[in-house]
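A quick note: this is a predicted structure, and the numbers were derived from the prediction, not measured. Values below: every heavy atom of this structure, side chains too, minus hydrogens, waters and symmetry copies.
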Amino acid sequence: MSSKILVMSLLNDEEKQVIINVCNNKTDIEKCLKKWKKETYKIVVEATGSSSSKILYYAYQLGFEVYQVSGLSIASSL
């Protein structure tokens with residue numbers, strides 16, 4: 001992951017995967033998150049250090065339900 005770009009993956013209303021690239025700064029992350037309904041989306045982030053902590057903090061401040069997961073635990077469950 002580039003420290004300048006944050007890559008988000010989600011399922012839209014038609015259950016189709018959407019990939020979004022967002023500049024990795026507070027203004028752009030919050031602008032992107034504000035487009036989503038807090039009641040519809042939960043934020044799940046792989047634990048990668050400061051980048052994952054940043055988006056979890058911003059999403060939590062906007063009222064989203066947030067989760068941080070280990071990439072190792074995901075890989076072992078597949």
Notebook entry, point to check: When rounded to the nearest 0.5 angstrom, what distance separates CD in E30 from CD1 in I55?
Noted result: 10.5 Å
Next item on the list: Please round to the nearest 0.5 Å and tell me the distance separating atom CG of N25 and atom NZ of K31.
Entry: 10.0 Å
What is the minimum heavy-atom distance between [X] and [Y], and which atoms define it?
X: Q17; Y: S9; answer: NE2-OG, 2.7 Å
X: K37; Y: F64; answer: O-CE2, 4.0 Å
X: D28; Y: C23; answer: OD2-CB, 3.0 Å
X: L62; Y: K38; answer: O-CD, 2.7 Å

Item checked: Pairs satisfying ring-ring contact (aromatic ring centres under 6.0 Å, His included), at least one member in residues 11-39, at least two apart -> W36-Y41
Next item on the list: Check whether any side-chain heavy atom of L6 sits under 4.5 Å from a side-chain heavy atom of K54, and report yes or no.
Entry: no
Notebook entry, point to check: Would you say the side chain of L10 lies within less than 4.5 Å of the side chain of I20, judging by non-hydrogen atoms?
Noted result: yes
Notebook entry, point to check: Among all residues two or more places apart in sequence or in another chain, which pass the side-chain contact (heavy atoms from CB on, under 4.5 Å) test with E15?
Noted result: L11
Notebook entry, point to check: Residues two or more places apart in sequence or in another chain: which of them pass side-chain contact (heavy atoms from CB on, under 4.5 Å) with E14?
Noted result: N12, K16
Next item on the list: Quickly, which of V45, V44, L56 forms a side-chain contact (heavy atoms from CB on, under 4.5 Å) with V66? Name it, please.
Entry: L56
